[in-house]
Amino acid sequence: MQQPAPYSGLTPDRALDALASTLAGNLLIVGSIANIIVVGAAQRRAIHIGWKEHARVGVPVTLATMAIAAGWLWLRLHP
């Protein structure tokens, strides 16, 4: 199996910032345009998704994916 190309100029801080900015979109409804679209589509079907309902799922999912990403990044950059 071929080794992936080394990260050029990628520091753990930069990589974590990139991952966090992507994954944190799940935290709140306004964190991602996809969240806003889904909430709007649900409302058109008489399904209410409020801030609390979204946060009940969004916060744990965001924390879990951030922890997994940080662990993966640590393993990847600290051989």
Side-chain angles (χ1 to χ4, degrees):
M1 178 184 268
Q2 190 176 21
Q3 286 291 83
Y7 297 108
S8 89
L10 184 64
T11 64
D13 290 343
R14 286 182 182 175
L16 190 56
D17 285 346
L19 286 168
S21 66
T22 300
L23 298 175
N26 295 324
L27 187 63
L28 299 174
I29 291 173
V30 295
S32 163
I33 190 66
N35 295 346
I36 296 169
I37 291 168
V38 168
V39 168
Q43 285 179 339
R44 286 190 296 279
R45 290 168 176 78
I47 300 169
H48 176 73
I49 302 173
W51 293 96
K52 288 182 184 177
E53 291 85 8
H54 185 274
R56 221 175 280 138
V57 175
V59 171
V61 166
T62 300
L63 293 176
T65 55
M66 292 290 290
I68 291 167
W72 173 83
L73 184 62
W74 187 85
L75 290 173
R76 192 81 176 124
L77 296 176
H78 295 90

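Just so you know, these numbers use all the heavy atoms, side chains as well, and skip hydrogens, waters and symmetry mates.
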Considering non-hydrogen atoms only, spot the tightest contact between A55 and P60 and give its length.
-> O-CD, 3.6 Å
Inter-residue atom distance N26.CG - H54.NE2, 0.5 Å rounding | 7.0 Å
I33 and I29: same hydrophobic cluster, using ILVMFWY side-chain contacts below 4.5 Å?
-> yes
From L63 atom CG to L23 atom CG, the distance as rounded to the nearest 0.5 Å = 11.0 Å
Hey, quick one: are L28 and V59 part of the same hydrophobic cluster, counting side-chain heavy atoms closer than 4.5 Å, chains of contacts allowed?
-> yes
Considering only heavy atoms from C-beta outward, does the side chain of W51 approach that of V30 to under 4.5 Å?
-> yes
Between the CD1 atom in I68 and the CG atom in L73, the distance rounded to the nearest 0.5 Å is 13.5 Å
Separation between CG (L19) and OG1 (T65), nearest 0.5 Å, reads 9.5 Å
What are the two closest heavy atoms between I49 and A42, and how far apart are they?
-> CD1-CB, 3.8 Å
Between the CG atom in N35 and the CG atom in L27, the distance rounded to the nearest 0.5 Å is 9.5 Å
